[in-house]
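So that we are looking at the same thing, I have put the structure below in structure tokens.
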Amino acid sequence: MSKEMLEAFATLEKTKGIKQDVIVEAIKAALVAAYKKNYNQATNVIVEFDERKGDFKLMTEKTVVEEVHDERLEISLKDALTINGAYELGDKIRFEVAPKNFGRIAAQTAKQVIMQHLREAERNHIIDEYSQYEDELITGTVERRDNRFVYVKIGNVEAVMPRNDQMPGESYNPQDQIRVLVTHVGSDSKGAQITVSRTAPDMVKRLFEQEVPEIYDGTVEVVSIAREAGDRTKIAVKSNDPNIDPVGTCVGQRGARVQNVVNELDGENIDVVKYEEDPSDYIANALNPAEVIAVQFGDEDEEKSALVIVPDYQLSLAIGKKGQNVRLAARLTGYKIDIRPESEVEFVDESSDQAEKENEEAETNNLAEDGSNSSQTNSDFAESEESDKEPTSEDTDSEDEHQENVTDSKTVDSTEN
């Protein structure tokens with residue numbers, strides 16, 4: 001019995017990852033629960049385990065008393081002396097209890113306790129082992145599938161891939177080797193649960209990290225990813241080294257690096273976009289391969305939005321099939337993008353507006369200066385006229401004489417008439 005018990009412990013530790021100490025504690029708890037079920041109390045129960053022999057002993061501890069009130073907890077001094085003449089009042093004596101004497105209900109209780117402890121141990125072991133792989137790529141084997149999940153064997157555990165995490169158009173057959181992203185490691189009422197995905201945007205990032213050493217070591221950084229799994233992905237990258245082109249690094253020589261990622265994703269199209277600090281340039285890059293004439297932004301207080309002006313012949317390319325290109329660009333940049341053809345928008349060059357504004361201000365200042373100078377000139381002219389109009393003594397005498405002559409003449413004319 002002991003040999004079989006130790007072998008069972010070793011098998012459980014190998015297959016389930018549950019250590020022997022955990023199993024021993026589970027069995028001890030089960031024996032205590034069974035005793036309690038059988039005798040309605042377990043305050044004086046002790047379980048001993050012999051690691052060398054693999055034997056369990058269930059012991060009850062009784063106190064030596066003069067008069068017994070509860071046979072489950074006490075033993076009389078007279079009975080104790082028959083066991084050993086050295087016992088005295090108050091001593092503790094241990095007695096072995098045979099679990100085979102337990103009833104069916106007690107045995108069933110023991111089994112349930114053991115299974116519960118083992119499930120908890122297995123769940124904790126899986127969570128501890130696989131939590132380090134969360135958000136990481138891992139290779140698994142397809143075991144089976146049903147209407148809701150594809151079940152993937154990863155190591156010694158079975159992970160599930162929900163329907164929305166399955167790539168459109170891909171078929172998953174038993175024994176297929178697939179690479180998946182671990183998206184969640186947790187537990188539910190049934191035990192530990194590992195969820196994997198092939199549609200998560202981070203899967204593209206992890207694939208590029210494996211293909212591009214510069215991304216893995218941080219020289220090139222992945223800023224944002226927008227993905228419609230199975231069809232198209234846009235990934236924005238920037239370089240932390242001014243001497244390295246982030247887009248060319250990700251694409252690789254003759255497109256080898258990005259092609260490896262495309263092959264892993266079953267032909268999914270991938271656009272590598274250069275990230276720019278200037279939102280205008282970033283949005284223009286995100287709409288590649290379409291050509292962008294200008295990007296205009298709404299009020300800062302409103303939702304982040306941008307009006308993108310493109311040539312008329314580039315409109316359909318900028319929008320993309322069923323709006324896919326502009327939709328992915330909006331997710332990538334975080335802006336609400338409205339695309340308009342050049343013919344429908346009055347193009348306003350902001351730099352020209354600024355220059356024109358500056359010219360108007362300069363003209364206004366010049367007019368103000370001219371007005372000030374003109375006022376000064378008119379004032380000087382007025383003073384000059386006044387000075388010219390001031391009569392001298394000679395002029396006054398001459399004017400008096402002239403007035404007298406005119407009076408004499410008018411008088412003459414009047415007499416004559």
*Decide yes or no on side-chain hydrogen bond (donor to acceptor under 3.5 Å, both in side chains) for Thr141 and Gln177, but give the supporting numbers first.*
CA-CA 5 Å; Thr141 304; Gln177 296 285 324; 2.8 Å; yes
*Check Asn325 against Gly320 and note the closest heavy-atom contact, atom names and distance.*
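Where Asn325 meets Gly320 most closely, the heavy atoms are CB-CA, 3.8 Å.
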*asked:* Less than 6.0 angstrom separating the ring centers of Tyr216 and Phe208, yes or no?
replied: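 No: the rings miss the under 6.0 Å criterion.
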*Do other residues, nucleotides or ligands put more than 12 heavy atoms under 6.0 Å from the CD atom of Glu71?*
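No - once you tally the heavy atoms of other residues, nucleotides and ligands closer than 6.0 Å, there are 12 at most.
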*Do the non-hydrogen side-chain atoms of Ile215 and Glu221 ever get within less than 4.5 Å of each other?*
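Contact flag for Ile215/Glu221 side chains = no.
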*asked:* If you compare all heavy atoms of Glu211 against all heavy atoms of Pro213, which two are closest, and at what distance to 0.1 Å?
replied: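 Taking every non-hydrogen atom into account, O-CD, 3.5 Å.
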*Check the pair Asn240, Lys238 against side-chain contact (heavy atoms from CB on, under 4.5 Å), reporting the backbone distance first and the verdict last.*
CA-CA 7 Å; Asn240 296 318; Lys238 72 174 183 178; 4.2 Å; yes
_Enumerate the salt bridge (charged side-chain N to carboxylate O under 4.0 Å, His left out) contacts for residues 132-153, please, sequence neighbours excluded, ordered by first and then second residue._
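Non-adjacent pairs meeting salt bridge (charged side-chain N to carboxylate O under 4.0 Å, His left out): Arg144-Glu158.
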*Considering non-hydrogen atoms only, spot the tightest contact between Ile138 and Val182 and give its length.*
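The pair with the smallest heavy-atom distance is CG2-CG2, 3.6 Å.
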*asked:* I'd like to know if Glu214 pairs up with Arg257 as an ion pair, taking the criterion as any Lys NZ or Arg NE/NH1/NH2 lying under 4.0 Å from an Asp or Glu carboxylate oxygen.
replied: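 Counted as a salt bridge, because a side-chain N and a carboxylate O are separated by less than 4.0 Å.
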*Decide yes or no for Phe149 and Asp165: does some side-chain heavy atom of the first lie under 4.5 Å from some side-chain heavy atom of the second?*
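Counting from C-beta outward, Phe149 and Asp165 never come under 4.5 Å.
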*Tell me, do Ile339 and Leu315 make a side-chain contact under 4.5 Å, heavy atoms counted?*
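Result yes, sub-4.5 Å side-chain heavy-atom pair found.
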*asked:* Show the nearest heavy-atom pair for residues Ser131 and Val185, with the distance to one decimal.
replied: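 Scanning both residues, the minimum pair turns out to be N-CG1, 4.1 Å.
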_For the residue pair Thr219 / Asp241, report whether a side-chain donor-acceptor contact shorter than 3.5 Å exists._
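There is no such pair (donor and acceptor under 3.5 Å, judged by atom type) between the side chains of Asp241 and Thr219.
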*Would you find a donor on one side and an acceptor on the other, under 3.5 Å apart, between the side chain of Gln259 and the backbone of Gly255?*
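Flag not set: sc Gln259 to bb Gly255 has no pair under 3.5 Å.
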*asked:* Surrounding CD of Gln132 (heavy atoms of other residues, nucleotides or ligands, distance under 6.0 Å), is the total greater than 12?
replied: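 Counting other residues, nucleotides and ligands, CD of Gln132 exceeds 12 neighbours.
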_Whether over 12 other heavy atoms sit under 6.0 Å from Tyr133 OH_ =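 No, OH of Tyr133 has 12 or fewer neighbouring heavy atoms, counting only those of other groups under 6.0 Å.
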*Could you walk me through whether Thr233 and Asp271 pass side-chain contact (heavy atoms from CB on, under 4.5 Å), step by step?*
CA-CA 6 Å; Thr233 292; Asp271 297 338; over 6 Å; no
_Among Val152, Val160, Val157, exactly one meets side-chain contact (heavy atoms from CB on, under 4.5 Å) together with Ile194. Which residue is that?_
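Single side-chain contact (heavy atoms from CB on, under 4.5 Å) partner of Ile194 among Val152, Val160, Val157: Val157.
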_salt bridge (charged side-chain N to carboxylate O under 4.0 Å, His left out) partner of Glu228, chosen from Arg331, Lys234, Lys321, Lys322_ =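 Single salt bridge (charged side-chain N to carboxylate O under 4.0 Å, His left out) partner of Glu228 among Arg331, Lys234, Lys321, Lys322: Arg331.
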*Does some side-chain heavy atom of Ile75 sit less than 4.5 Å from a side-chain heavy atom of Thr63?*
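Side-chain contact under 4.5 Å: no.
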*Would you check if Leu307 and Val295 make a side-chain contact, meaning some heavy-atom pair closer than 4.5 Å?*
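The answer is no, as the side chains (C-beta and beyond) never meet within the 4.5 Å cut-off.
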*Just checking, any donor-acceptor pair under 3.5 angstrom between side chains of Glu120 and Asn124?*
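No - no donor-acceptor pair under 3.5 Å links their side chains.
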*asked:* Please check this pair: side chain of Glu264 against backbone of Leu207, looking for a donor-acceptor N/O pair closer than 3.5 Å.
replied: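 Here the side-chain-to-backbone pair does not exist.
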*Would you give the length of the straight line joining atom CD1 of Ile337 to atom NZ of Lys304, rounded to the nearest 0.5 angstrom?*
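NZ of Lys304 is found 10.5 Å from CD1 of Ile337.
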_Pairs where residues 241-289 contributes a residue and the test ring pair (Phe, Tyr, Trp, His ring centres under 6.0 Å) is met, not counting sequence neighbours_ =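 Every ring pair (Phe, Tyr, Trp, His ring centres under 6.0 Å) pair that includes a residue of residues 241-289, provided the two are not neighbours, is Tyr275-Tyr282.
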*List the steps, then state whether side-chain hydrogen bond (donor to acceptor under 3.5 Å, both in side chains) holds for Glu291 with Tyr313.*
CA-CA 10 Å; Glu291 177 187 347; Tyr313 67 93; 3.3 Å; yes
_Close side-chain approach of Thr139 and Ile178, heavy atoms under 4.5 Å_ =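 No; the side chains remain at least 4.5 Å from each other.
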*Main-chain N/O of Thr195 paired with Thr183 side-chain donor or acceptor, under 3.5 Å*: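 Judged by distance alone, yes, a pair lies under 3.5 Å.
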*Side-chain contact test, heavy atoms from C-beta onward, threshold under 4.5 Å: evaluate it for Thr333 versus Ser224 and give yes or no.*
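Result no, sub-4.5 Å side-chain heavy-atom pair not found.
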*asked:* Quick one: does any side-chain atom of Asn84 pair with a main-chain N or O of Tyr87 as donor and acceptor, under 3.5 Å?
replied: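 Side chain of Asn84 to backbone of Tyr87: no pair is present.
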_Separation between CG of Asp312 and OG of Ser343, rounded to the nearest 0.5 Å_ =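 Rounded to the nearest 0.5 Å, the CG-OG separation comes out at 3.5 Å.
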*asked:* Rounded to the nearest 0.5 Å, what separates atom CE in Met167 from atom CG in Asp231?
replied: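 Rounded to the nearest 0.5 Å, the CE-CG separation comes to 10.0 Å.
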*asked:* Would you say that more than 12 heavy atoms from the other residues, nucleotides or ligands in this model lie under 6.0 Å from the NZ of Lys274, or not?
replied: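 Not more than 12 within 6.0 Å, no.
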_Under a 3.5 Å distance rule, please check whether Asp91 uses its side chain to pair with a backbone N or O of Glu88 as donor and acceptor._
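Here the side-chain-to-backbone pair exists.
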*Testing Ile270, Leu265, Leu328 for side-chain contact (heavy atoms from CB on, under 4.5 Å) with Arg227, which one passes?*
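Among Ile270, Leu265, Leu328, the one that satisfies the side-chain contact (heavy atoms from CB on, under 4.5 Å) with Arg227 is Leu265.
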*Of all heavy-atom pairs between Leu89 and Val65, which one has the smallest distance, and what is that distance?*
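The pair with the smallest heavy-atom distance is CD2-C, 3.5 Å.
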*asked:* salt bridge (charged side-chain N to carboxylate O under 4.0 Å, His left out), that's the test. Do Glu61 and Arg94 meet it? Break it down for me.
replied: CA-CA 4 Å; Glu61 193 173 67; Arg94 290 185 177 181; 3.6 Å; yes
*Assess whether salt bridge (charged side-chain N to carboxylate O under 4.0 Å, His left out) is satisfied between Glu268 and Arg198, documenting all intermediate values.*
CA-CA 12 Å; Glu268 182 174 321; Arg198 279 185 58 81; over 6 Å; no
*Closest heavy-atom contact between Val220 and Pro246?*
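Nearest pair, atom of Val220 first, then Pro246: CG1-CB, 4.0 Å.
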*Would Arg340 and Asp338 satisfy salt bridge (charged side-chain N to carboxylate O under 4.0 Å, His left out), going step by step from the backbone distance to the final call?*
CA-CA 7 Å; Arg340 298 291 179 84; Asp338 182 17; 3.2 Å; yes
